[in-house]
Protein chains: 2
Amino acid sequence: MKTCCDHPPHSRRLIQTPLVELTDQLRRSARKITAPRQAILEVLRRHQHPLTNKEIHLALGKEECDLATVYRNLRTLEGMRMVARFDFGDGVARYELAGAGDEGHHHHLVCTHCTRVVELTECLPRQMEQEIAERHGFSQVTHRLEFFGVCNRCRGSHTTSLVK
Amino acid sequence: MKTCCDHPPHSRRLIQTPLVELTDQLRRSARKITAPRQAILEVLRRHQHPLTNKEIHLALGKEECDLATVYRNLRTLEGMRMVARFDFGDGVARYELAGAGDEGHHHHLVCTHCTRVVELTECLPRQMEQEIAERHGFSQVTHRLEFFGVCNRCRGSHTTSLVK
DNA sequence: TTGCATGCAAATCCTTTGCATTCCT
DNA sequence: AGGAATGCAAAGGATTTGCATGCAA
């Protein structure tokens with residue numbers, strides 16, 4: 001996977017939750033507000049795009065903490081629903097700050113050539129998930145949906161870096 | 001991930017392509033028809049459910065070949081579009097025999113507790129993908145969509161084995 | 001003070017690869 | 001024969017974990 005180059009303007013509005021609000025969530029969950037945690041949340045706030053653990057670790061700069069700490073914290077934050085994990089099929093987890101409740105729920109359109117990511121506002125028809133859940137007797141049904149294709153800049157290129 | 005227990009009846013009709021037809025596809029692609037390949041295709045034909053490399057390897061039984069060979073072949077078959085890869089978010093690739101053309105395209109409903117998998121016939125509204133592609137100037141757009149929930153048998157249990 | 005978090009290093013797990021050998025075509 | 005496929009072992013890369021130490025509450 002290449003390094004992230006330039007990011008396109010987002011199609012969905014940014015949720016620029018203030019850092020204090022984020023740390024408050026930690027406090028309410030009886031989690032300690034440590035330097036690595038604040039730094040990681042800052043990074044996620046700055047780049048509202050799916051980032052890998054390694055990318056987050058790199059972006060920490062002089063606030064650097066151990067990579068294992070990044071992994072541990074993203075797991076924790078995921079458990080708290082403060083971040084959402086995305087899977088682009090290349091075997092690497094990516095995270096984004098999650099909006100409160102369902103508000104943050106969204107999907108992506110990923111260029112399989114340059115890995116450019118577009119955030120989408122579209123989602124499944126509301127009743128589809130519910131119908132599927134009922135028909136098969138499942139509860140607490142959610143879904144993961146991502147789109148893959150070739151962006152206009154990459155049209156003509158023939159190699160693929162994502163989804164090997 | 002637990003071992004696969006009992007599988008529910010499929011919601012979509014099985015594509016029981018005869019083995020000869022599958023090996024013919026290999027022949028047409030100038031691929032050699034080896035014992036491991038036939039055995040792997042046989043396994044996939046028998047279990048039309050997403051299987052991991054390891055599960056396939058196990059299911060080979062006395063037709064056993066090296067695990068690396070399983071990996072290599074599934075990659076090859078994926079490239080030929082003879083199998084489809086699915087990703088349930090637990091960091092392990094799963095494969096299924098693919099129907100010809102788009103005919104095999106489908107999604108899953110996965111129980112996050114027991115990993116039971118239901119094959120779905122539902123798919124995205126046809127025009128949604130096209131609209132998204134056009135709006136963002138992407139071509140060759142495809143999607144990955146999977147549903148996750150808790151099946152009726154597992155209601156009441158509170159541990160989760162999938163999507164840690 | 002007290003246990004949650006962190007750093008560091010080692011361990012796991014999935015997947016890929018190098019190389020000599022085997023075997024389809 | 002000749003190149004593709006396989007077996008075996010080792011390497012890679014992502015992620016997790018054990019343990020002693022540090023630090024927020």
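Below, chains carry the letters A, B, ... as their sequence lines are ordered, and counting in each starts from 1.
You'll find that the side chain of B/I33 is closest to C/dT25, out of D/dC8, C/dT25, D/dT17. Closest to the side chain of A/D66, out of D/dT6, C/dC14, C/dC8, is C/dC8. Here the nucleotide nearest the side chain of A/R72, chosen from C/dT15, C/dG7, D/dT15, is C/dG7.
At D/dT16, one or more side-chain N or O atoms of A/R75 fall inside 4.0 Å of OP1 or OP2 (strictly under the cut-off). At D/dG7, one or more side-chain N or O atoms of B/T69 fall inside 4.0 Å of OP1 or OP2 (strictly under the cut-off). Taking 4.0 angstrom as the limit, B/T76 places none of its side-chain polar atoms (N or O) nearer than this to OP1 or OP2 of D/dA5. Side-chain N/O atoms of B/Y71 include one lying less than 4.0 angstrom from OP1 or OP2 on C/dT15. Proximity of B/K32 to the phosphate of D/dG3: no side-chain N or O atom is located under 4.0 Å from OP1 or OP2. The shortest distance between the side-chain N/O atoms of B/R37 and the OP1/OP2 oxygens of D/dA5 is below 4.0 Å. At C/dT16, none of the side-chain N or O atoms of B/N53 fall inside 4.0 Å of OP1 or OP2 (strictly under the cut-off). Within the 4.0 Å cut-off from OP1 or OP2 of C/dC4, not a single side-chain nitrogen or oxygen of A/T34 is found.
Per the geometry, CG belonging to A/L74 stands 11 Å off P belonging to C/dT6, to the nearest Å. One atom, CD of A/E78, and another, P of D/dT15, lie 11 Å apart when rounded to the nearest Å. Atom C1' of nucleotide D/dG7 and atom CD of B/E63 are separated by 17 Å, given to the nearest angstrom. One can place CG of B/L67 at 13 Å from P of D/dT6, the figure rounded to the nearest angstrom. Distance CG (A/D90) to P (D/dG12): 20 Å, rounded to an integer number of Å. Look at CG on B/N73: it is 15 Å from P on D/dA4, rounded to the nearest Å. For B/I56 and C/dC14, the CD1 to P distance is 14 Å, given to the nearest whole Å. Atom CG of A/L60 is separated from atom C1' of C/dG7 by 14 Å (rounded to the nearest Å).
A salt bridge between A/E42 and A/R45 is present, with a side-chain N of the basic residue lying under 4.0 Å from a carboxylate O of the acidic one.
No N or O donor and acceptor, one from the side chain of A/R31 and one from the base of C/dG3, sit under 3.5 Å apart.
Comparing B/A68 and A/K54 against DNA chain D, the residue whose closest nucleotide sits nearer the 5' end is B/A68. In terms of position on DNA chain C, the residue among B/R27 and A/A35 whose nearest nucleotide sits closer to the 5' end is A/A35.
Open room surrounds CZ on B/R81; 12 or fewer heavy atoms of other groups in view lie less than 6.0 Å from it.
No side-chain donor from either of A/E55 and A/H47 sits under 3.5 Å from a side-chain acceptor of the other.
Ring geometry for A/F86 versus A/F88: interplanar angle of 30 to 60°, hence tilted.
In this structure, A/E146 contributes its side chain and A/H108 its backbone to a donor-acceptor pair below 3.5 Å.
Looking at A/R37 and A/K32, their side chains come closer than 4.5 Å, going by heavy atoms from C-beta outward.
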